[in-house]
Protein chains: 2
Amino acid sequence: MARPRSAGYDDQRDLILERAATLFAKAGYPGTSMNEVAEACGMSKASLYHYFRDKDDLLVSIADGHVARLEALVDAVMAAHPPGEARARALIERFVDEYADAQNAHRVLTDDVRFLPEETREAILARERRVVDGFAQTIAELKPSLGEDGMSKPLAMLLFGMINWMFTWLRPDGALTHSDMGPIVADLFFGGVGAVKAPRKAAAKQRAAKRITEKEI
Amino acid sequence: MARPRSAGYDDQRDLILERAATLFAKAGYPGTSMNEVAEACGMSKASLYHYFRDKDDLLVSIADGHVARLEALVDAVMAAHPPGEARARALIERFVDEYADAQNAHRVLTDDVRFLPEETREAILARERRVVDGFAQTIAELKPSLGEDGMSKPLAMLLFGMINWMFTWLRPDGALTHSDMGPIVADLFFGGVGAVKAPRKAAAKQRAAKRITEKEI
DNA sequence: CCTACCGATCGGTAGG
DNA sequence: CCTACCGATCGGTAGG
């Protein structure tokens with residue numbers, strides 16, 4: 001076995017990931033320099049390159065780490081709840097809470113993964129797809145006719161839209177908290193999903209739904 | 001691409017704005033160079049600077065032009081429909097159609113305005129605020145108790161979330177079109193809005209709603 | 001011969 | 001409207 005890393009190695013890595021996520025979330029990936037990341041971490045740029053091969057490696061670590069947690073969260077909720085509205089509500093409320101604790105990483109996932117080369121991006125998109133599928137399946141269980149019409153994935157994406165967009169306007173210091181918003185989003189979505197009808201040419205829509213493969217969260 | 005023979009100053013400006021919006025939407029504002037914009041327009045970088053003072057001037061023109069059209073659209077719908085669900089539906093469906101025709105400009109508005117200096121950004125945010133207020137007012141007309149609880153703005157933002165996020169996942173070549181999605185979003189929203197209850201401490205939420213001033217579309 | 005860094009600078013390219 | 005540049009900063013790496 002290889003010689004173990006120094007005691008603080010993983011702690012330093014985690015610190016860098018958190019500071020970099022904050023900067024990327026604020027100024028975007030191309031708008032953030034490695035010099036700025038190094039400065040925010042109180043270390044030289046050369047030290048930064050001791051922990052991460054290059055700038056892309058930083059981005060991958062932030063985004064993949066976050067989406068892996070979301071993936072695990074979906075698996076845990078699916079295992080803990082039988083099909084039905086309780087499962088769907090748990091999914092939404094757990095997601096909103098998870099996002100609230102990882103706002104910077106989430107913004108990096110939704111905004112900056114597109115800057116990665118295709119091969120690197122693909123592994124992250126695969127995890128995103130599993131997360132979307134978990135939501136789509138839960139929606140189809142709730143109202144099977146939507147699943148048959150190929151509407152469960154588009155509806156899952158509308159749901160993600162409400163949740164993802166929240167983090168651009170909800171003030172962390174406001175009286176309305178992320179935890180308040182979980183039940184509101186769930187009420188709106190489950191109250192409304194009964195009123196949704198698929199447009200005509202349902203077969204074509206089902207084919208269309210299969211094509212939704214990129215930028216899924 | 002060949003330059004149109006009789007292109008005047010304004011035509012050249014519009015061409016540059018469209019090409020620049022396409023590039024900014026794809027690679028982000030900091031990720032796009034003026035050299036790339038010039039090349040996409042078939043002109044030298046120096047020529048570009050004949051039409052726009054600097055890079056920020058390009059961004060402002062794209063974003064402000066787009067949000068000004070949205071503002072005018074809200075005013076037109078409010079003038080054409082009395083308060084009620086017909087007004088709200090018209091607002092949603094007209095917005096989705098407008099976005100579909102201006103996807104690049106819309107992405108620039110939502111993603112890149114944050115890179116402008118504060119004074120420049122403020123004029124654009126003021127227009128965004130007017131658009132959000134139009135939606136929030138329409139929601140409050142539909143269910144006055146939500147307005148009294150300070151929930152009409154948060155609900156307007158959830159609605160914008162569904163619509164804005166659509167443009168990250170809906171395939172322009174898919175069988176499911178933007179026009180299909182307008183009624184679906186409206187059904188989901190109006191079906192669900194009846195089920196939404198404000199969280200406790202409604203007075204505090206009203207104060208919170210007032211603080212929602214940035215990044216409102 | 002390893003790790004954990006440092007000060008300084010590399011070749012290229014950004015906006016203007 | 002182009003070529004030729006500028007001050008500065010980019011991502012990444014040298015020797016010690």
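None of the values given here were measured: they were computed from a predicted structure. Chain identifiers are assigned alphabetically (A, B, ...) following the order of the sequence lines, protein sequences preceding nucleic acid strands; residue numbering begins at 1 within each chain.
Distance, Met43(B) CE to dC1(D) C1': 10 Å, rounded to whole Å. The distance between atom OH of Tyr49(A) and atom P of dT9(C), rounded to the nearest whole Å, is 19 Å. To the nearest angstrom, C1' of dC2(C) lies 11 Å from NE2 of His50(A). To the nearest angstrom, C1' of dG15(C) lies 16 Å from CZ of Phe52(B). Between Phe115(B) atom CZ and dG15(C) atom P there is a gap of 13 Å when expressed in whole angstrom units. Rounded to a whole Å, the CG atom of Leu59(B) is 13 Å from the P atom of dG15(C). Going from atom CZ of Arg53(B) over to atom P of dG16(C) covers 11 Å, rounded to whole Å. Per the geometry, CD belonging to Glu36(A) stands 17 Å off P belonging to dA8(D), to the nearest Å.
Put simply, Ser47(A) has no side-chain N or O that comes within less than 4.0 Å of OP1 or OP2 on dA4(C). Contact annotation: Asn35(A) side-chain N/O to dG11(D) OP1/OP2 distance is not under 4.0 Å. OP1 or OP2 of dC6(C) sits under 4.0 Å from a side-chain N or O of Ser44(A).
Atom CZ of Arg13(A) sits in a crowded spot, with more than 12 heavy atoms from other residues, nucleotides or ligands closer than 6.0 Å. Crowding of Glu39(A) atom CD: a count of heavy atoms from other residues, nucleotides or ligands under 6.0 Å not exceeding 12.
A donor-acceptor pair under 3.5 Å is formed between the side chain of Thr32(B) and the backbone N or O of Gly28(B). Looking only at distances, no side-chain donor or acceptor of Asp75(B) sits under 3.5 Å from a matching main-chain atom of Ala72(B).
Here the side chains of Leu159(B) and Phe135(B) are in contact, with some heavy-atom distance below 4.5 Å.
Of the candidate nucleotides dG15(C), dC6(C), dG12(D), dC6(C) has the atom lying nearest to any side-chain atom of Ala46(A). Picking from dG15(C), dG11(D), dC1(D) the nucleotide with the shortest atom distance to the side chain of Lys55(B) gives dG15(C). The side chain of Tyr51(B) lies closest to dC1(D) when the candidates are dT13(D), dC10(D), dC1(D). Distance from the side chain of Lys45(A) is smallest to dG12(D) among dG12(D), dC6(C), dC1(D).
As rounded to the nearest Å, dG12(D) and dA8(C) have P atoms that lie 22 Å from one another.
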